[in-house]
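This structure is a prediction, so every number in the text was calculated from the model and none was measured.
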Amino acid sequence: MASPKAAVVGAGVIGLSTALCITETCPSCSVTVLSDQFSPNTTSDVAAGMLIPHTYPDTPIHRQKQWFKETFTYLFAISNSAEASEAGIHLVSGWQVFKSTPKEELPFWSDIVLGFRPMSEAELQKFPQHRFGQAFTTLKCDCPPYLLWLEKKLKATGTQMYTRKVSELWELHSEYDIVVNCTGMGAHQLVGDKQLSPVRGQVLKVHAPWVKQFIRDGDGLTYIYPGIHKVTLGGTREKGSWSLSPDAGTTRDIFDRCCSLEPSLQGAQDIEVKVGLRPSRQCVRVQREVLSQGGIKLPVVHNYGHGAGGFSVHRGTANEAAHMVGECISALQGSSSRAKL
Amino acid sequence: MRVAIIGAGVIGLSSALCIHEQFHSLVPSLELEVYADRFTPHTTSDGAAGLWQPYLSDHGNLQETLWNKETFDYLLGHLHSAAAKEMGLYLISGYNLFTEQAPDPSWKNIVLGFRHLTPKELELFPGYSYGWFNTALMLECRSYLPWLTNRLTQRGVKFFHKKVESFQELFSQGVDVVLNCSGMRAGDLQPDPELQPGRGQIIKVLAPWVKHFIITHNLKSGIYNSPYVIPGREFTVLGGIYQHGNWSEENSAKDHKTIWDSCCQLLPSLQKAKIVQEWSGLRPARPSVRLERESIRLGNLQGEVIHNYGHGGFGITIHWGCALAAARLFGNILQEKKQQATPPGSRL
């Protein structure tokens, strides 16, 4: 197997970063990205891209921490380089505030973000309805810039990208040696994963360039994340809702909740409303599988189900998936050399 | 009672507002007039980035530290008001960087969340081994000065585009009290060898991904002679020039290169920033702010002057505390005039 051919299905942050990791760890592999949507029409484009992890109940914490750490380290280096603005990566500081003191005062990621500490009394005065808070500095990946930058890096490695709707992974078996499934919410249909369900999120993207800091309510429902050009105001977490249409009442509610955290947002302009479905799962599925039909085998690497935490762990899971692809290639080469005996 | 304010920078306009707010109902005849040859956006204040931050050391000048605090608290109180956006006021966090350990500043408990930088944070800034992180305020004068002007205009304060040549000129027209907020040009009205220009030059760029201020310090070369990056609402200000005694308001190519190279080294992402404007200005530097009364007598002309100038590179930082102090001095003047008007014994 001179040049194994890998197809990565999905072109959101997971698909593109996984494809890139494959080109880095398996240079002999030729990679093609197939997706029915590319930026700016992916779920990732709706997300704010803040590096604040979501906790997956069934993934071991040390694994989540490792994924986050790898992602943070990778993006930290880019943020401090000349490529930062093109890649859409920047540092942002701010506060996570709680109406009542959380059970867990030190989240697992507190030593990975920068300068994590409890808020002082003076700082909490800005949030009269909240009695506890954490201040820290983290990174933000703005989309579309980050996805476009990943696409540019992929093209430079010779990776091809095609708009194509894949109806079942098996349909790729004759053209590709390995398939990498980064279809996010699409995996529900594509591989029939009933453990995967949407958590609908509606956000507003507004022009409010004086907002330089993030504010997040610890309940996860209200947040203000300043991006390069626009501030993302959120949000909702509607379990099981598949609707991609913006809801006007929800827009009003999000705006009001954010203004009560940051009154100056009353002056925000150019309000755009977006909706995304977080591809949610009890644990992220980063896993190998072998599909077989009529004696033909198709190795598959799954990398989906990142829910609300896609950006926070994307590079870590992409690396893990890329290593699995490497293992698949070795297995294929092993079996093909056995076939030659 | 006619009060003339000389100067329409942040000091002149805020002092005028403070006095009008406090005294217009007590003194029905109060008339305020602002005289200046430069108005926003052409004042020294307009060139400042607008970051609230005093110098590293107050040199024992506790009064100035108090005025700084009064200003911070006043602005913080306005942060959630409907006026904040129009004032150009917002919160901002950022870094102060050093190549060696430095004592904590006098303002550490005035700002929010002051702390020392962690080793990981210092990795962001090779060449710097020590530093602070805190949350402070931005007050952009290109918004604040028009806001002050609107408030004053609403209150009936009159504006005159005119260079005042002497205090006597105003007293001879019937002005009772002069507020001297003439900043760098105070020496034209009354020689003051302690007032010297602290020339600065800045480059304004488009770099909206920069969300923190970054101020570096070189304890040997002195304040603001080391690169700094301050993100405004629309533009980011790059600077790092402080030339004591240099009166030139022309942009220097050499200073441009110094600023650009040092800021890009500090923050590599700036290499892709688009340059929008260049500006030079003179910080009205003085060993301490001149904030005091003076009675001026020339022949049969007499008047009171309240001096309020020499705020160096911290005018925005200290402005409201000084305005309050100037208003107190004005109150003293009013009190004395009242006592003079009703001499003891005349009530019999």
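Contact tally against chain B (heavy-atom pairs below 4.5 Å) for A:Gly227, A:Pro209, A:Ser79: the top residue is A:Pro209. Looking only at heavy-atom pairs under 4.5 Å with chain A, the residue among B:Glu140, B:Gln271, B:Lys120 that has the most is B:Lys120. No other option in A:Ser81, A:Ala84, A:Ala122 has as many heavy-atom pairs under 4.5 Å with chain B as A:Ser81. Top candidate by heavy-atom pairs under 4.5 Å with chain B, chosen from A:Lys140, A:Glu262, A:His229, A:Arg117, is A:Arg117.
Using a 4.5 Å cut-off between heavy atoms, A:Lys126 contacts chain B through both its backbone and its side chain. If you measure heavy-atom distances from A:Gln213 to chain B, the contacts under 4.5 Å come from the side chain alone. With a threshold of 4.5 angstrom between heavy atoms, A:Ser93 approaches chain B through its backbone and through its side chain.
The aromatic ring centres of B:Tyr55 and B:Tyr224 sit less than 6.0 Å apart.
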A:Asn80 vs B:Glu123, side-chain hydrogen bond (donor to acceptor under 3.5 Å, both in side chains): CA-CA, chis, key distance, verdict: CA-CA 10 Å; A:Asn80 210 21; B:Glu123 279 175 38; over 6 Å; no

Salt bridge (Lys or Arg N to Asp or Glu O under 4.0 Å) between A:Lys274 and A:Glu272, intermediate numbers included: CA-CA 7 Å; A:Lys274 294 198 182 279; A:Glu272 281 177 81; 3.7 Å; yes

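A salt bridge does not link B:Lys272 with A:Glu83: none of the charged nitrogens is closer than 4.0 Å to a carboxylate oxygen. Electrostatic pairing of B:Arg142 and B:Glu234 counts as a salt bridge here, judged by a charged N lying under 4.0 Å from a carboxylate O.
Considering all non-hydrogen atoms of both residues, A:Leu51 and A:Thr138 come closest at O-OG1, 2.7 Å. Between B:Ile316 and B:Ser45 the shortest heavy-atom distance is CD1-O, 4.4 Å.
Sorted by first and then second residue, the side-chain hydrogen bond (donor to acceptor under 3.5 Å, both in side chains) pairs involving residues 103-115 of chain A (not counting sequence neighbours) are A:Lys65-A:Asp111.
Of the possible polar contacts, one joining the B:Ser14 side chain to the B:Val10 backbone as a donor-acceptor pair under 3.5 Å is found.
Applying a 4.5 Å heavy-atom cutoff, the residues of residues 68-90 of chain B that approach chain A are B:His80, B:Lys85, B:Tyr90.
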